[in-house]
Each structure stands twice: as structure tokens, then as C-alpha cells.
Amino acid sequence: MTYQGLIHHYRQYLDLPAHTRTITLLEGNTPLIPMPRLGRDLGCELFVKFEGLNPTGSFKDRGMTAAISEAAGRGAKTVICASTGNTAASAAAYAARAGLRCIVLIPEGKVAVGKLAGAVAYGAEVIQIQGSFDDALSLVVEITQKTPIALVNSINPYRIEGQKTSSFEICDALGSAPDWLCLPVGNAGNITAYWAGFKQYQKGLPQILGVQAEGAAPLVLGHPVEKPETVATAIRIGKPARGEQALEAAHESKGRIIAVSDAQILDAQKILAAEGVWVEPASAAGVAGLVAETGSGAFEAKGGRVVVVCTGHGMKDPSIIAESFKAPRVIPADYQTLFESIGG
Ligand code: AN7
């Protein structure tokens, strides 16, 4: 039967209320791409779960189909979220689909252009906050406590329900859970959802490697970061809402949460692109963490099966590439010049 979206596909595993009215863009069902060359270099059987291939270009669509379906079914008229960008674009698209008003709060000047453009294109009302993502999140929590506006950040439990489905898909594709799962950690909704999903599905449990950016690593430091900074703006978050659950997932799974530098993240982005998978910087953090761990020699995943979650598409943040390359050379439209210029 044709695929009808993840709520339909995994309905029996999702704790969604009866009033839920499915709003879908056929999210989920993303490819688990084998990475034989990189895997050989790192000494494991490696796959990328390419979440950048969801309808709005990030994994957020999994949680958003659930959160918006619940809100729409309950009769909400307006939804709101704080966002480093991807949640905003996803909320905007699903709210548009449901006919709801959508307001998004973003940290001023710190959202990648592909995400902001998405939120605008899907018709959200975008407000920039003179502050961080964490400040924006406090504001949306307060306003949703005092008004009927529905909150669609991952504090909303239905977001987690939707995002669990990626664990199910990985188990369905591989036949069982991998030995390790590596993923970026920002507000910590996704790591929470994956762990809940693997536990529920009972096809084995991976060890989890959560990866933060060095300048925004509250879970590694053990305290909030007042002024988070990283080139991976998606995970520029200093007070993760589900920080406790992220630490629990790492601990229970016998994994860990580590930090990597911006340089390591950008290197990982290049390594993935060299295998044909272009992801935004934050999405490369999982690979950056895996490279760091395998490089340390002490990594337990040697020879094992590893899935790295690549959370968002490279096209979300084109500037990061555009700023770093020289403009392509210009030649006359002439065969001989072309032949000579490519070293014919
Ligand atoms: C590409 O969009 O927080 O740990 O507001 O966009 O579940 O927060 C985005 C987070 C990883 C971290 N990769 O996931 C937002 C937002 C990408 C992201 C994360 C985000 P969580």
C-alpha cells in the first residue's frame, strides 16, 4: 500500500489522543544510506539516517505532524514555537496545511537563511528576539500558559511521540537496533525520542553517542551556558529543555554525550559531502563525534554497526558553504578555452 505518513504507518505505537486529526506531508520513511567507504575508514559498518529528506528538510517534521495533528484535532487556532530555525519551518508548513495561524520566535540574526525563508514561505509570522533560543523558549512557554495558543516545541509530548518513529524505521530497515546511534544534541528532544522509541520497539538497544558543539555544551559541562556560540546555529542552545532525559538516555544506554569543536563539525560536513551526503553543520555533529571517538582508539563500536542521524539538509544553510568558497572561475564561451582550462 502507498505510504501515508508516519502517524498512519505507526499509529499503534504512538500515544496520541483520540481527537487527533492527522495532518501529514508524508514525512518519515527516510533513507538509511550505507556509507561503506567512510565506514571502512572508521572501522565499523556505517549508515546515515538522512533526516534532511523530510518534507521541510529536517527531522522536525516527524514531531510536527504529531503535534499539529493533536492541536488541530483539539480545535487550537494558533500555534507558537521558539526555534533555531528548523522547528520554525516545520511548524509553519504543518500549520499551513492544517489552516492554523503560526507564530515563530527566533534569535535575532542567528537563523540560517534556508530555514527563515521556509518559515516565511509557508506563511508563519516570524518574530526575532533580541536574545538567545533559550530566551525565546521561556517566552513561548509563558504565553502558552496564559493564553489558548498551542505550544509545538519538543516540550510538547506529542512531538516526542512523532520523533520516536525514526527508531522504529531504523529497526525495521536493519532487522534490529544498531550497536551505536550517534546524533547531535541541542534542546535534547530528539535524543529523548530515539531512546524512548528503541525501548518501546523491543528490537534491541543501541548505545547512544550524543554530540554537542563545544561552545554550546551544557550537558557536557554540567551547567547551563548563558551565551552559547557555535557555527552549528541549529544547536546553539544553552539550557536544553529535556537535558535530564538526554543524560538519562546516554547513561541507560551505556553511551555518552561529548562535545566537538566547530572545526570538527565543519570537517565532518565535508567528509559527508565527499560521500554525496550534504547536511547542514549541526547535522554533521554526529559524524564529528564518531570520528573523534574512533580516532581516540578507545571506541567500543569497532567492527560494530553504527547509525549516524543526519538531522537537516545542507540546503538549509547555504551561506556556510557560499562564504567559504572562491567564486567559480569565469571563461569565455569558447570550446578551446574550456578544453585548456580543464587541463584537457
Ligand atoms: C538540524 O529548530 O532546536 O536536541 O528550534 O535543527 O532535539 O533540539 C533544532 C535542533 C539537531 C537538535 N539538528 O535537536 C529548532 C531546534 C538540527 C536541528 C538539532 C536541531 P534537539
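Computed from a predicted structure; not experimentally measured. Read the numbers this way: they start at 1 and go in the same order the structure lists the ligands and their atoms.
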Distance-only polar pair, side chains of [X] and [Y], donor-acceptor under 3.5 Å:
{"X": "D135", "Y": "S132", "answer": "yes"}
{"X": "D172", "Y": "Y201", "answer": "yes"}
{"X": "T30", "Y": "R62", "answer": "yes"}
{"X": "S58", "Y": "T311", "answer": "no"}
{"X": "E27", "Y": "T24", "answer": "yes"}

For ligand 1, which atoms, with element, lie under 4.0 Å from some heavy atom of [X]?
{"X": "F133", "value": "5 (O)"}
{"X": "N86", "value": "1 (C), 2 (O), 6 (O), 17 (C), 18 (C)"}
{"X": "V185", "value": "4 (O)"}
{"X": "S283", "value": "1 (C)"}
{"X": "N187", "value": "4 (O), 8 (O), 21 (P)"}
{"X": "S83", "value": "2 (O), 5 (O), 15 (C)"}

[Y]/[X] salt bridge by N-O under 4.0 Å criterion:
{"X": "E70", "Y": "R21", "answer": "no"}
{"X": "R305", "Y": "E45", "answer": "yes"}
{"X": "E51", "Y": "K60", "answer": "no"}

Does [X], backbone or side chain, put an N or O under 3.5 Å from an N or O of ligand 1?
{"X": "T84", "answer": "yes"}
{"X": "G312", "answer": "no"}
{"X": "G189", "answer": "yes"}
{"X": "T87", "answer": "yes"}
{"X": "E280", "answer": "no"}

Counting heavy atoms only, which part of [X] comes closer than 4.0 Å to ligand 1: side chain, backbone, both or neither?
{"X": "I237", "value": "side chain"}
{"X": "I235", "value": "side chain"}
{"X": "A188", "value": "backbone"}
{"X": "K316", "value": "neither"}

Among protein heavy atoms, which lies nearest [atom], and at what distance?
{"atom": "atom 18 (C) of ligand 1", "value": "A234 CB, 3.5 Å"}
{"atom": "atom 20 (C) of ligand 1", "value": "F59 CE2, 3.8 Å"}
{"atom": "atom 7 (O) of ligand 1", "value": "N190 N, 2.8 Å"}
{"atom": "atom 10 (C) of ligand 1", "value": "K60 NZ, 3.2 Å"}
{"atom": "atom 11 (C) of ligand 1", "value": "T311 OG1, 3.6 Å"}

Counting only heavy atoms not in [X], do more than 12 fall under 6.0 Å of its [atom1]?
{"X": "L221", "atom1": "CG", "result": "yes"}
{"X": "H8", "atom1": "NE2", "result": "no"}
{"X": "E244", "atom1": "CD", "result": "no"}

Quick one: does S154 get within less than 4.0 Å of ligand 1, heavy atoms only?
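Heavy atoms of S154 never come under 4.0 Å of ligand 1.
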Given K203, K49, K164, the one that forms salt bridge (Lys or Arg N to Asp or Glu O under 4.0 Å) with E169
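Output: one option passes, namely K49.
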For the rings on F50 and H313, is their centre-to-centre separation under 6.0 Å?
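So the answer is yes for these two rings.
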